Protein chains: 2
Amino acid sequence: MTPINQLAEPWRSLPERLRARGLRWTPQREAVVSVVAGSDGHLTGAELVERCRSADPRTTPSTVYRTLDALEAMGLVQHGHGADGREEYHVQPAGEHGHRYCAHCGKHWDIDPTSAAGAAIIEAFRPDGFIVDLSHVTIVGRCNGCT
Amino acid sequence: MTPINQLAEPWRSLPERLRARGLRWTPQREAVVSVVAGSDGHLTGAELVERCRSADPRTTPSTVYRTLDALEAMGLVQHGHGADGREEYHVQPAGEHGHRYCAHCGKHWDIDPTSAAGAAIIEAFRPDGFIVDLSHVTIVGRCNGCT
DNA sequence: ATTAATGCAAACGGTTTGCACTACT
DNA sequence: AGTAGTGCAAACCGTTTGCATTAAT
């Protein structure tokens with residue numbers, strides 16, 4: 001996909017920031033990162049492995065997961081868990097957000113902290129002094145069209 | 001654990017209700033059910049397997065999971081997913097409820113639909129015509145004492 | 001030259017499946 | 001007798017690990 005140096009921040013400067021931490025920038029990481037950066041904001045580990053493999057069949061799962069760890073350490077992605085319990089990675093520029101799935105049709109929506117619903121969830125637990133991590137929130141139910 | 005016929009409804013009548021559906025009541029199912037009925041309202045599949053094994057080491061995972069399927073079909077349990085993504089089974093008498101975990105200390109609370117927080121979540125999506133299944137809701141964050 | 005990252009293969013944990021056998025109805 | 005449920009073992013899927021090799025610094 002798009003080479004790293006054509007991407008906007010925070011991706012463009014990633015190689016340097018990795019090096020600053022004593023980590024390294026490799027062709028494999030570039031491949032993984034370009035897929036992540038070109039995603040819609042969330043992917044499961046398995047999805048990413050698959051997309052990387054179709055870009056380059058030589059990609060191995062371990063490299064992908066290790067790269068995800070590095071990206072998480074850099075604060076560029078954050079992991080949560082989807083409706084089926086898989087590891088789900090949220091890409092940072094999209095901001096911390098949760099997910100909402102229709103159990104019937106599978107449709108899904110983001111839950112943004114600035115939306116009414118997102119704010120309501122955060123507020124719901126504030127009286128207890130509990131700070132909700134919205135990126136781990138998954139709401140499952142039945143949507144409008146699936147009644 | 002407690003034999004089935006010493007339990008309250010809805011467990012006591014379970015054998016008959018299974019039979020009414022053409023399903024069967026077996027010693028293995030009694031063993032699993034007595035553990036489920038004696039639980040605090042939620043267990044993961046793996047937890048249940050383990051508890052059954054310690055009651056009777058001959059228990060096999062397949063039997064446990066198949067029994068859970070049967071119990072779910074009877075509406076006695078309902079599955080969701082916990083903070084780590086495992087299958088989590090909610091025992092019915094406790095009512096449909098979600099869970100809330102502190103990512104730091106691991107403490108956990110139920111989210112009851114009648115509580116302010118539970119209601120807030122349900123209400124949050126009502127404007128969209130979306131019916132939240134609270135038993136699938138897991139809120140992760142940081143609690144009061146872990147600031 | 002140092003040491004982080006890779007690729008492989010093998011292991012993991014939780015769950016599911018195929019199949020011949022058992023036992024509930 | 002009929003068929004649902006069992007137990008075993010093996011397969012599954014997504015993820016993680018050990019280890020010798022490669023390559024970024």
Side-chain angles (χ1 to χ4, degrees), chain A residues 4-5 14-33 35-36 42-74 77-89 138, chain B residues 4-5 14-33 36 42-53 55-74 77-89 138:
Chain A
I4 206 71
N5 55 37
L14 179 56
E16 293 89 283
R17 282 181 297 132
L18 280 170
R19 291 190 189 105
R21 290 216 194 177
L23 306 178
R24 293 173 187 178
W25 182 244
T26 68
Q28 293 88 337
R29 290 196 164 175
E30 168 154 21
V32 173
V33 164
V35 174
V36 171
H42 26 69
L43 333 120
T44 63
E47 247 169 39
L48 183 55
V49 168
E50 205 172 302
R51 290 201 206 171
C52 288
R53 289 202 102 108
S54 65
D56 177 357
R58 334 174 45 122
T59 316
T60 57
S62 42
T63 295
V64 173
Y65 284 105
R66 285 192 278 230
T67 299
L68 282 170
D69 287 349
L71 293 181
E72 190 154 24
M74 302 298 298
V77 303
Q78 216 180 330
H79 84 277
H81 22 79
D84 50 1
R86 302 181 175 186
E87 292 294 337
E88 180 151 291
Y89 289 86
T138 300
Chain B
I4 207 68
N5 55 37
L14 180 56
E16 293 89 283
R17 283 180 297 133
L18 281 169
R19 292 189 188 105
R21 291 216 193 177
L23 305 177
R24 293 174 187 176
W25 183 244
T26 67
Q28 293 88 337
R29 290 197 165 173
E30 169 153 21
V32 173
V33 164
V36 171
H42 25 70
L43 334 120
T44 62
E47 248 169 39
L48 181 55
V49 168
E50 206 171 303
R51 291 202 206 168
C52 288
R53 289 203 101 108
D56 177 358
R58 335 174 46 122
T59 315
T60 57
S62 42
T63 295
V64 173
Y65 284 105
R66 286 191 277 231
T67 299
L68 281 170
D69 287 348
L71 292 182
E72 189 154 25
M74 302 299 297
V77 303
Q78 216 180 329
H79 82 279
H81 22 79
D84 51 359
R86 302 180 177 187
E87 293 292 338
E88 179 150 291
Y89 290 85
T138 300

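Protein chains get the first letters and strands the later ones, always in sequence-line order, with residue 1 at the start of each. Note: hydrogens, waters and symmetry copies are ignored here, and every other heavy atom, side chains too, is used. Just so we're clear, the structure is a prediction, and the values are computed from it rather than from any experiment.
- Residue contacts shown for A:R66 include a base, since a base heavy atom lies under 4.0 Å away.
- Proximity of B:W25 to B:L14: side-chain heavy atoms (C-beta onward) are separated by under 4.5 Å at one or more points.
- C:dG14 atom C1' lies 14 Å from atom CD of B:E88, rounded to whole Å.
- Annotation: of the two residues near DNA chain C, A:G22 and A:T63, the 5′-most nearest-nucleotide partner is A:G22.
- Note: CG (B:L71) to C1' (D:dG5) measures 14 Å, nearest angstrom.
- The shortest side-chain heavy-atom distance between A:T63 and A:T67 falls under the 4.5 Å cut-off.
- Of the two residues contacting DNA chain D, namely B:L18 and B:S62, the nearest-nucleotide position lying further toward the 5' end is that of B:L18.
- Between A:P15 and A:R29, every side-chain heavy-atom pair lies at or beyond the 4.5 Å cut-off.
- In this structure, B:R21 places its CZ atom 17 Å from C1' of D:dG5, rounding to the nearest Å.
- As judged by a 4.0 angstrom heavy-atom cut-off over every strand, A:T26 is placed among residues touching the sugar-phosphate backbone only.
- Between B:E16 atom CD and C:dT25 atom C1' the separation is 14 Å, expressed in whole Å.
- Between the CD atom of A:E30 and the C1' atom of C:dA5 there is a distance of 15 Å, rounded to whole Å.
- Taking only side-chain nitrogens and oxygens, A:Q28 never comes nearer than 4.0 Å to OP1 or OP2 of C:dA5.
- Annotation: side chain of A:T59 is not in contact with side chain of A:V49 (no heavy-atom distance under 4.5 Å).
- Partner A:V35 forms a side-chain contact (heavy atoms from CB on, under 4.5 Å) with one of A:E50, A:E47, A:R51, A:E30 and no other, that one being A:R51.
- With hydrogens and angles ignored, a donor-acceptor pair under 3.5 angstrom links the side chain of A:R24 to the base of C:dT3.
- Taking atom CZ of residue A:R19 and atom C1' of nucleotide D:dA24, one finds them 8 Å apart after rounding to whole Å.
- At whole-Å resolution of the value, CZ in B:R58 and P in D:dA9 are 13 Å apart.
- For the pair A:Y89 OH and D:dG14 P, the interatomic distance rounds to 14 Å; values are reported in whole Å.
- With D:dT16, C:dT6, D:dT25 as the choices, the nucleotide that has an atom nearest any side-chain atom of A:W25 turns out to be D:dT25.
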